[in-house]
Participant: 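Quick one: the structure is below, questions incoming.
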Amino acid sequence: MSNLRSIIVLGVTTWAFVVCFAVWLMFGVIGIPIRNQLSLSGVEFGLLTSTPVLTGALFRLPLGIWTDRFGGRIVMFVLLVGSAVPVWFASYANQLWQFLLLGLALGVVGASFAVGTPYVARFFAKERRGFAMGVFGAGTTGAAINMFIAPALITHYGWQVVPKFYAVALLITALIFWLLSAPDVLAPGKSGVSLRQQLAVLKDLRVWKYCQYYSIVFGGFTALSVWMPQYFVQEYGLTIAQAGLLAACFSLPAGVLRALGGWLADRHGAHIVTWWVLWAAWISLFLLSYPQTDFIVHTIRGPAQFHIGLSVLPFAILLFALGVAFACGMASTFKYVGDDFPENMGVVTGIVGMVGALGGFVLPIIFGIVLDWLGINSSCFMFLYGVVWVSLILNYTTEVRRLPVMGEQITAAHIATGAAA
């Protein structure tokens, strides 16, 4: 396979993923005027924004299997064309149940990740797969692009124009993809591998460990991408356009810097990158969790009033740091997959991506429940802080503690023990 052809396939597939990701998280922005129009509660808003994520999660495994069996080119093309229909009709919905049904239908675009990852990886040698999958994963910048496009369209034409715009974008992208992509001749299904043989890899405990990692970095990224626009509106009183711009401080680095995460994983190993990603996310979430607080201290000179809370700028900076951490974590997780399961990337990518996306579905609903219960906007970060804290403990007990300490020689037994963790 020529280097030029590989680069073209990587580029056009990444662009298809960008468009799919923007469509997938569309309700995160248009959901704000819809929430006002339908007078939705926090839980209802969380359900509205997360419903497409559910379908995108559930379809990742079957689409990953079909990618291994039929090739990524045909699966991606059919996905792009078929998803345009429910996206178009979303502009005509006017009741919550209609939005939920259409959200379930159009959410399948979120499964494009399970198609594109094994597809592009097969065009690159093993030592370059981390970078290639990182570049493709940068398609999550579609979340940031959505933060720019959707608010502008809402401001000038109303939210109903956004789904129509995205439906046309999907059809144009499908045409460009078909013209520039190449057949996936290395798909395992082309060699007669049965479905039972493909699914046998799910017995490997490492697959489920990587699911745990991805449910944090990708699930957290997806959930916050749909939650942050309304967060800025409610917490800081910003307009939808301003909220979308600042929300991009989180979603943009998580897309652009995913390639950097892939390069770091290639250079230093998936485990080291994942370990430090969890620490960086833990610190960022701790600071983001602190709510706006006013308190009075009784001093010898009388009462002294103090305020503790993040203003917009430091909040956006911390959100950017969290986005960088999640970006590197998403890339390092699939470096694990590319290294450990090169012959079953479609299936493993599908199951890992499915679990991660299910996290993106569940978390906004939990955010809404906790918000309605506590009435504190930053409660979403409090919950994620606890989840990452638990993940750090699990990572330490299953991987870090099994690695050789300083002064020990790395033996084959150590390596085998670490791989089996």
Participant: How close do Leu102 and Ala93 get, counting heavy atoms only, and between which atoms?
Facilitator: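 Shortest heavy-atom contact: CD1-CB, 4.0 Å.
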Participant: Would you mind reporting whether Leu224 and Leu384 have side-chain heavy atoms less than 4.5 Å apart?
Facilitator: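 Side-chain contact under 4.5 Å: yes.
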Participant: Let's go through Phe221 and Phe21 carefully: what are the C-alpha distance in whole Å and the side-chain angles of both, what is the deciding distance for ring-ring contact (aromatic ring centres under 6.0 Å, His included) to 0.1 Å, and is it a yes or a no?
Facilitator: CA-CA 12 Å; Phe221 164 76; Phe21 213 88; 5.8 Å; yes
Participant: Side chains of Leu318 and Leu285, heavy atoms from C-beta outward: is any pair under 4.5 Å?
Facilitator: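 Not touching, per the 4.5 Å side-chain cut-off.
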Participant: Is the closest side-chain heavy-atom distance between Met382 and Pro291 below 4.5 Å?
Facilitator: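 Heavy-atom side-chain distance check passes, below 4.5 Å.
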Participant: I'd like to know if the side chain of Ser50 reaches the main chain of Val53, judged simply by a donor and an acceptor atom lying under 3.5 Å from each other, with no hydrogens or angles considered.
Facilitator: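 Not at all, since once roles are kept as given, no pair shorter than 3.5 Å links the two residues.
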Participant: What distance separates Met330 CE from Thr222 OG1, expressed to the nearest 0.5 Å?
Facilitator: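 If I round to the nearest 0.5 Å, the distance is 7.5 Å.
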Participant: Below 4.5 Å, heavy atoms only, C-beta onward: do Ile240 and Thr155 meet side chain to side chain?
Facilitator: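 No, every pair of side-chain atoms sits at 4.5 Å or beyond.
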Participant: With distance as the sole test, does Ser112 use its side chain to make a donor-acceptor pair with the main-chain N or O of Val109 at under 3.5 Å?
Facilitator: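 Checked: pair present.
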Participant: Can you check whether Leu48 reaches Arg35 side chain to side chain, under 4.5 Å on heavy atoms?
Facilitator: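 They are not in side-chain contact.
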Participant: Indicate the atoms forming the closest heavy-atom contact of Cys20 with Leu80, along with that distance.
Facilitator: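 The answer is SG-CD2, 3.4 Å.
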Participant: So, do Leu106 and Met26 sit near enough that their side-chain heavy atoms are less than 4.5 Å apart?
Facilitator: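 A side-chain contact under 4.5 Å exists here.
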Participant: Got a sec: does the CH2 of Trp178 have more than 12 other heavy atoms crowding it under 6.0 Å?
Facilitator: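 More than 12 heavy atoms, drawn from other residues, nucleotides or ligands, come within 6.0 Å of this atom.
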Participant: Run the side-chain contact (heavy atoms from CB on, under 4.5 Å) check on Ile216 and Val387 step by step: do they pass?
Facilitator: CA-CA 8 Å; Ile216 299 301; Val387 173; 2.9 Å; yes
Participant: Tell me the closest heavy-atom pair linking Ala90 and Pro163, and the distance in Å.
Facilitator: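 For Ala90 versus Pro163, the nearest heavy atoms are CB-CB, 4.1 Å.
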Participant: Calculate, to the nearest 0.5 Å, the distance between atoms CZ and CD belonging to Phe45 and Gln234 respectively.
Facilitator: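 The distance works out to 8.0 Å.
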Participant: Could you give the distance from OG1 (Thr274) to CH2 (Trp279), rounded to the nearest 0.5 Å?
Facilitator: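 Rounded to the nearest 0.5 Å, the OG1-CH2 separation comes out at 15.0 Å.
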Participant: Could you check whether Phe315 and Phe381 have their ring centres less than 6.0 Å apart?
Facilitator: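 Yes: the rings meet the under 6.0 Å criterion.
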Participant: When you look at Val78 and Phe70, which way does the side-chain contact (heavy atoms from CB on, under 4.5 Å) test go after all the steps?
Facilitator: CA-CA 12 Å; Val78 172; Phe70 305 114; over 6 Å; no
Participant: Would you say the side chain of Leu47 lies within less than 4.5 Å of the side chain of Thr51, judging by non-hydrogen atoms?
Facilitator: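 In contact.
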Participant: Specify the closest pair of heavy atoms between Ala114 and Arg60, including all atoms of both residues, with the distance to one decimal.
Facilitator: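 Looking at all heavy atoms of both residues, the closest pair is CB-O, 3.3 Å.
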Participant: Could you walk me through whether Leu363 and Phe383 pass the side-chain contact (heavy atoms from CB on, under 4.5 Å) check?
Facilitator: CA-CA 9 Å; Leu363 285 173; Phe383 183 82; 3.5 Å; yes
Participant: So which of Phe27, Tyr92, Phe99, Phe165 actually passes ring pair (Phe, Tyr, Trp, His ring centres under 6.0 Å) with Trp159?
Facilitator: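 Exactly one pass, corresponding to Phe99.
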Participant: Donor-acceptor pair, distance only, cut-off 3.5 Å: does the side chain of Asp372 make one with the backbone of Val43?
Facilitator: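 Pair found, side chain donor or acceptor close to backbone of Val43.
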Participant: Would you check, one step at a time, whether the test side-chain contact (heavy atoms from CB on, under 4.5 Å) holds for Trp208 with Ile351?
Facilitator: CA-CA 9 Å; Trp208 302 103; Ile351 189 65; 3.8 Å; yes
Participant: Working to the nearest 0.5 Å, report the span between CD1 of Ile74 and OG1 of Thr67.
Facilitator: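 Atom-to-atom, Ile74:CD1 and Thr67:OG1 are 11.0 Å apart.
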Participant: For Phe113 and Tyr214, take the angle between the two ring planes, folded into 0 to 90°, and tell me which bin it lands in: parallel under 30, tilted 30 to 60, perpendicular over 60.
Facilitator: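 Parallel: the ring planes of Phe113 and Tyr214 meet at under 30°.
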Participant: Tell me if a side-chain donor or acceptor on Trp88 pairs with a main-chain N or O of Lys164 at a distance below 3.5 Å.
Facilitator: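 No, the answer is negative, given that no donor and acceptor are paired below the 3.5 Å cut-off.
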Participant: Would the number of heavy atoms belonging to other residues, nucleotides or ligands and lying under 6.0 Å from CZ of Phe59 be above 12?
Facilitator: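 Incorrect, the count does not exceed 12.
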Participant: Does OH in Tyr236 sit with more than 12 non-hydrogen atoms of other residues, nucleotides or ligands closer than 6.0 Å?
Facilitator: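 Yes, because the 6.0 Å sphere around OH of Tyr236 holds more than 12 heavy atoms from other groups.
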Participant: Ignoring hydrogens, what is the shortest heavy-atom contact between Ser225 and Ala143? Give both atom names and the distance.
Facilitator: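 Closest approach of Ser225 to Ala143, heavy atoms only: OG-CB, 4.1 Å.
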Participant: Would you check if the distance from the ring center of Tyr119 to the ring center of Phe123 is below 6.0 Å?
Facilitator: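 Centroid separation for Tyr119 and Phe123: below 6.0 Å.
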Participant: Minimum heavy-atom separation for Ala111 and Leu79, please, with both atom names.
Facilitator: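 Reported closest heavy-atom pair: C-CD2, 4.4 Å.
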Participant: Drop me the distance from Leu170's CG to Thr173's OG1, to the nearest 0.5 angstrom.
Facilitator: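 Here the rounded value is 6.5 Å.
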Participant: Can you confirm whether Phe77 is buried at CZ, in the sense that more than 12 heavy atoms of other residues, nucleotides or ligands lie under 6.0 Å from that atom?
Facilitator: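 Above 12, so yes.
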Participant: Where the side chain of Gln37 meets the backbone of Pro33, is there a donor-acceptor pair that is under 3.5 Å apart?
Facilitator: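 Side chain of Gln37 to backbone of Pro33, a donor-acceptor pair under 3.5 Å: no, none is there.
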Participant: Just verifying a value: how many Å separate Leu392 CG and Trp275 CH2, rounded to the nearest 0.5 Å?
Facilitator: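 Taking CG in Leu392 and CH2 in Trp275, the distance rounds to 5.5 Å.
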Participant: Compare all side-chain heavy atoms of Val18 with those of Trp15 and state whether any distance is below 4.5 angstrom.
Facilitator: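 Sidechains of Trp15 and Val18: in contact.
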